[in-house]
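Let me begin by presenting the structure, written as structure tokens, before commenting on it.
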Amino acid sequence: MPDSDVSLMLAFQNGDISSFEKLVKKYKERIINIIYQFIGERNEAEDLAVEVFSRVYRAAKKYQAKAKFTTWLYKITTNLCLNEIRKKAKLQTISLSKPISTGEGKEEELIEKIADTAPSPQEILEEKERNALIRKAIDSLPAKQRMATILQVYEGLSYKEVSRILGCSVKSVERRLYWARTNLKKRLSSYLTRESGGGF
Amino acid sequence: MKCKRIRRKLVAYLDGELEEKQKLSIKEHLTKCRECKKEADLLNKSFYLLKDQQRLKPSQGFEASLWERIHSSEEKQLLPQVIFGRFSRLILPAAVAATLIIGVVVGSSVEKIIPSETVKLEEERYLTSIGLDSFQDLPSGSLPEIYLNLASAGEVENG
């Protein structure tokens with residue numbers, strides 16, 4: 001079955017701007033969230049997502065329909081994220097213990113809450129604590145483990161797809177995810193042992 | 001399989017990335033080993049804890065920001081071409097004129113920097129170095145000297 005995204009990209013290559021707009025509409029939320037999970041800051045995530053699609057636009061002439069469109073798109077995204085982390089490391093401004101946004105003010109309006117009923121103040125506080133704990137745990141992972149986790153957990157990609165995007169072997173993805181999940185489990189253990197359920 | 005080896009494969013097992021044979025052997029092990037089962041439960045919970053994280057909605061101005069970025073990068077790319085294309089006919093005459101102006105400016109600056117007296121002194125020094133400062137008159141009694149004497153005497157008389 002031909003990849004409809006590839007068809008859109010090829011149509012865009014032939015000058016159909018609306019095809020590019022369709023791709024942006026379809027993937028903008030995913031790209032913003034991948035970057036947000038990696039970087040941990042909303043405005044920066046959106047700014048980098050703009051850069052991702054701007055690169056897609058500029059690279060359209062060179063685009064070749066060799067693989068799935070998403071593989072190409074996620075590759076651009078991950079490269080941009082990893083470069084951003086490197087830049088920050090060079091500037092020594094990175095902080096692994098960076099607190100997450102508490103969702104105050106404008107940002108709170110823009111965040112889609114998982115809960116479908118109005119939460120009580122106690123529940124809001126607990127959710128904030130939980131989010132902060134998870135954010136800290138994700139931030140503590142080395143960049144490549146973090147990106148592999150984001151692509152696999154949030155985007156539901158297979159190990160093979162993750163390996164294509166990160167440019168490494170499937171075995172390497174397996175190792176990264178093993179260590180990532182083991183580290184996360186340790187960091188979240190206080191919360192995990194409190195919670196119940198989640199069996200399989 | 002030993003517990004250590006099982007645990008190394010637990011994440012791949014939970015993610016559904018193992019071959020059928022490995023999957024079955026781990027499944028069987030988990031029914032017997034309480035510790036490995038507990039480990040698997042915690043890993044599984046950590047997966048869902050991550051998955052349930054808040055998701056952001058793109059801001060309303062996302063597309064507008066994107067087009068702004070695209071247009072500004074296009075303008076940056078086009079700017080040198082536009083400038084070069086518009087003024088390409090003027091480049092050669094402008095270069096010649098610039099060279100001439102630079103020549104004149106540099107020449108006049110050199111004169112200002114090195115006064116004419118200094119130039120004269122330098123000239124004399126040079127003549128001395130090549131032996132022209134001690135240029136002797138024509139040897140006495142030689143034909144050129146007689147000719148010169150006669151010529152200068154005639155000039156005096158005529159004058």
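Just so you know, these numbers use all the heavy atoms, side chains as well, and skip hydrogens, waters and symmetry mates.
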Report summary line: From the list A:Arg58, A:Arg175, A:Gln152, the residue making the most non-hydrogen contacts under 4.5 Å with chain B is A:Gln152
Query raised in the report: Where on A:Ala180 is there a heavy atom nearer than 4.5 Å to chain B: the side chain, the backbone, both, or neither?
Result: neither
Report task. Decide yes or no on side chain to side chain contact (heavy atoms under 4.5 Å, CB included) for A:Leu80 and A:Arg55, but give the supporting numbers first. Result -> CA-CA 10 Å; A:Leu80 205 65; A:Arg55 286 184 186 196; 3.1 Å; yes
Query - A:Glu46 versus chain B, the contacting section by heavy-atom distance below 4.5 Å - result: both
Report task. Could you tell me which of B:Arg7, B:Arg69, B:Glu39 has the largest number of non-hydrogen atom pairs under 4.5 Å with chain A? Result -> B:Arg69
Query raised in the report: Tell me, side chain or backbone of B:Arg8 under 4.5 Å from chain A's heavy atoms, or both, or neither?
Result: both
Query raised in the report: Parallel, tilted or perpendicular: which describes the rings of A:Phe53 and B:Phe62, with under 30° parallel and over 60° perpendicular?
Result: perpendicular
Query raised in the report: Are A:Lys87 and A:Glu84 within salt-bridge range, i.e. N to O under 4.0 Å?
Result: yes
Query raised in the report: Which answer fits A:Ile138, side chain, backbone, both or neither, if we ask what part of it has an atom under 4.5 Å from a heavy atom of chain B?
Result: side chain
Query - salt bridge (charged side-chain N to carboxylate O under 4.0 Å, His left out) between B:Lys9 and A:Glu174, intermediate numbers included - result: CA-CA 9 Å; B:Lys9 289 282 172 189; A:Glu174 190 183 323; 2.9 Å; yes
Query raised in the report: Among A:Tyr154, A:Trp179, A:Tyr159, which residue forms the greatest number of heavy-atom pairs with chain B at distances under 4.5 Å?
Result: A:Tyr159
Query raised in the report: Given that the side chain runs from C-beta out, which part of A:Ile17 has a heavy atom under 4.5 Å from chain B: side chain, backbone, both or neither?
Result: side chain
Requested in this report: Would you mind checking if A:Glu126 and A:Arg130 are paired as a salt bridge, meaning a charged N to carboxylate O distance below 4.0 Å?
Outcome: no
Query raised in the report: Does a side-chain N-to-carboxylate-O contact under 4.0 Å join B:Glu20 and B:Lys23?
Result: yes
**Report entry** Salt bridge present between B:Asp41 and B:Lys45 (N-O < 4.0 angstrom)
**Finding:** no
**Report entry** Worked verdict on A:Phe69 versus A:Tyr27 for ring-ring contact (aromatic ring centres under 6.0 Å, His included)
**Finding:** CA-CA 11 Å; A:Phe69 170 75; A:Tyr27 288 106; 5.8 Å; yes
Query raised in the report: Of the backbone (N, CA, C, O) and the side chain (C-beta and beyond), which part of A:Glu21 lies under 4.5 Å from a heavy atom of chain B, both, or neither?
Result: side chain
Requested in this report: Under 4.5 Å, counting heavy-atom pairs only, tell me which of A:Leu188, A:Leu184, A:Asp47 racks up the most with chain B.
Outcome: A:Asp47
Report summary line: So, the part of A:Tyr57 with a heavy atom under 4.5 Å from chain B: the answer is side chain
Report summary line: So, the part of A:Thr149 with a heavy atom under 4.5 Å from chain B: the answer is side chain
**Report entry** chain A contact via B:Glu63 - side chain, backbone, both or neither, heavy atoms under 4.5 Å
**Finding:** side chain
**Report entry** CG (B:Leu143) with more than 12 external heavy atoms under 6.0 Å
**Finding:** no
